[in-house]
2 protein chains.
Amino acid sequence: MEHLELSERKRLILQAIVESHIRYGEPVGSKAIAENQQLTCSSATIRNEMAELESMGLLEQPHTSAGRIPTELGYRYYVDSLAQKYRMTAMEIEQINRTLRQKIGELDGVLESASRLISSFTNYTAVAIRPRSGSAVITRFESAYLSEHAFVLVFVFASGEVKTKTMHTPLFVSPEEHAGFMQLLNAGFTGLTAEEITLSRIVEAERVLGNLAPLLHPVVTAIYEAMNEHDGGELRIDGVGHLLEYPEYSEPAQLREMLALFEEKENLLKLVSAEDTGKDLQVHIGSENAIGAMSNSAFIYRTVRRGGKVVGAFGVIGPTRMDYSRVIAILNHLSEGISDAFDEGEDG
Amino acid sequence: MEHLELSERKRLILQAIVESHIRYGEPVGSKAIAENQQLTCSSATIRNEMAELESMGLLEQPHTSAGRIPTELGYRYYVDSLAQKYRMTAMEIEQINRTLRQKIGELDGVLESASRLISSFTNYTAVAIRPRSGSAVITRFESAYLSEHAFVLVFVFASGEVKTKTMHTPLFVSPEEHAGFMQLLNAGFTGLTAEEITLSRIVEAERVLGNLAPLLHPVVTAIYEAMNEHDGGELRIDGVGHLLEYPEYSEPAQLREMLALFEEKENLLKLVSAEDTGKDLQVHIGSENAIGAMSNSAFIYRTVRRGGKVVGAFGVIGPTRMDYSRVIAILNHLSEGISDAFDEGEDG
DNA sequence: TTTTAGCACTCGAAAAAGGTGAGTGCTAAT
DNA sequence: ATTAGCACTCACCTTTTTCGAGTGCTAAAA
């Protein structure tokens, strides 16, 4: 399927059909094609060509007396070989740049903004993903002393990410004790994966702590949770309502499946975490998605890398008749902007 | 409407109709009532009573030859005077308690868990809200030094809330400089509302800082943002998919409106922020909601107070034929649990 | 050999027609 | 005051009809 040989005319016809169907969502008839385009042949000729395209598996008919719609293969061919590069408007570029410029630094913040932007620009549902990382390691603990009974714990992960958690305790903890506690934490619990935080370590630490020992348990629990949260990945979704704009989600069953998918973040996370093929732009059409609920949808996303490793992704989910070229252009632009922002943030 | 005089029989009939309609979502006929209940009269009698209830504005007929459904007023009467106290199952209580026990301390975390719990228990869409507070004041800055080019800023708000933000800078900042910078921040920028952070303060601080002056601008921006974020309120929604379980949201238009409502957090925030009537449990039925999109929905929420001030709220949104007694019971129980958790956290 | 005009045919979608029954209001008897 | 009885209403469901966009095929034209 890499490079199916198609006559120039067939390519034009396929392109016209795909684009019309993307636009109007309805089967495309031979007459519409004949009139509309720079094709100089009659509808009868187009009918013949369409029949051939159908036998090649690029088009299909919903029923005998209807026009044609593209198959998944048809879309695939379109995306790979036919789609024109969409040229973003100055307004679009401007607005994206402006928004990104404010959000340098925190990955979560950047992804969040990206998601919002994408949703409002494309009129599709947008997702922002921080995939599960597999082995969170905390390289440092910092803390801010709030009162005798409370302090903020700051977890600094190897990835550069930072999480915080406010701890409360019935114990009376002086600033000095607090400092000592933090020193112990940094000495005994950094550089470890969740599995490496063994009971013996904890017992040993408790022994050292003396009367502050009861403080350790909730802190260790917090550490665990922070690691798991960090490992577990994050998912944000914007513009769910856009689904309703497309008749392919008008059936309650379909819609329900999608909403369930969005609510159970596991699935989408898996989808992105599973594969790092090296390609930064992923276009998954229909059943290519390997999730039942998405077999009538397209999922396009772009990964965000840091030091070669995938640390995030953002993209859109919508009907298979998605405006691929526009979406791809927007994702690419956004991606560039984000890379720039990070490069500045890192060493600039 | 406070205490409409109704005969005992009318009350029973109204209650039966409301409960049947809550359960099945369909108009209730006289026959069903007559058979079902402990009423000892015939369907004809009930028809007469129903006609009267209708003329009082408590019931209505979707069309001439259908049964009756409660009006908003009917639901209101039911909620105020008729609803039985729902008794939670041991399982429900157990699970709520267990979940809450893990989430002591961070308001956001508690609200989040509450929302999830509510959604899964009630089969309605759940919301958790931290309303806009109006005047965020930071009482203290803490910081954790990460590297010469990065540190974590911790904002401690007067409300006890804590926010963090990771700062990057191209400057080379030594630990000592960092400590000095933090000292200045605490000296010059605590106890202020956003408006009180004036340019003159900033200029003065820059003067003191000397070569570290360029650091101030991004930090002040971050402070601004943190305050606004804190002021702006937070909204979390779970179980959107549950809407689809109720035919009142089967029309795309309805659904769309709701999804739009959920995505534009402003509206819901306003709804809760606007009023602090002193009542902790709010039941808004239909048009009582003062948001067009919600005129066919009920919104029940419970506020969370701290020191007498409303700092959060959680509740459910669903069709007007909501299972009021069950929802209210669950919200109340949850609320108790949360109060307990906070009391422990504060002084325990 | 390729293209095209013409035509009979197909079949989903929308509109129209028909049937069903739950539920009503009213009247008259209890 | 209650209830049995009955004519009537009207949303909902099913069936029928109509309609037309689109097709494939054939035969003529290029």
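Residue numbers begin at 1 in each chain, while the letters A, B, ... track the order of the sequences. Please read all numbers here as calculations on a predicted model, not as lab measurements.
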Under 3.5 Å, which protein N or O atoms sit close to an N or O of nucleotides 11-14 of chain C? Give each pair with its distance.
unit_1, atom_1, unit_2, atom_2, d
C/dC11, OP1, A/Thr64, OG1, 3.3
C/dC11, O4', A/Ser65, OG, 3.3
C/dC11, O2, A/Ser65, OG, 3.4

request  = Using only heavy-atom distances, determine whether the side chains of A/His21 and A/Tyr78 contain a donor-acceptor pair under 3.5 Å.
outcome  = no
query = Is there a residue in residues 42-53 of chain A whose heavy atoms reach under 4.0 Å of DNA chain D, and which residues are they?
reply = A/Arg47, A/Met50
Are [X] and [Y] close enough for a salt bridge, meaning some N to O gap below 4.0 Å?
| X | Y | answer |
| --- | --- | --- |
| B/Glu92 | B/Arg326 | yes |
| B/Glu60 | B/Arg68 | no |
| A/Arg76 | A/Glu288 | yes |

task = Evaluate the side chain to side chain donor-acceptor pair (under 3.5 Å) criterion for residues B/Arg11 and B/Tyr77: first the C-alpha distance (whole Å), next the side-chain angles of each, then the deciding distance (0.1 Å), finally the verdict.
result = CA-CA 10 Å; B/Arg11 291 165 57 91; B/Tyr77 189 92; 3.2 Å; yes
What's the spacing between [X] [atom1] and [Y] [atom2] if we round to 0.5 Å?
| X | Y | atom1 | atom2 | value |
| --- | --- | --- | --- | --- |
| A/Tyr124 | A/His242 | OH | NE2 | 10.5 Å |
| B/Ile33 | B/Met50 | CD1 | CE | 6.5 Å |
| A/Ile291 | A/Glu257 | CD1 | CD | 10.5 Å |

ask   = Counting just side-chain N and O atoms, does A/Arg9 come under 4.0 Å of either OP1 or OP2 of C/dT2?
value = no
message = With a strict under 4.0 Å distance from non-hydrogen atoms of chain B, what nucleotide opens and what nucleotide closes the contacted stretch of DNA chain D, reading 5' to 3'?
response = D/dT2 to D/dA11
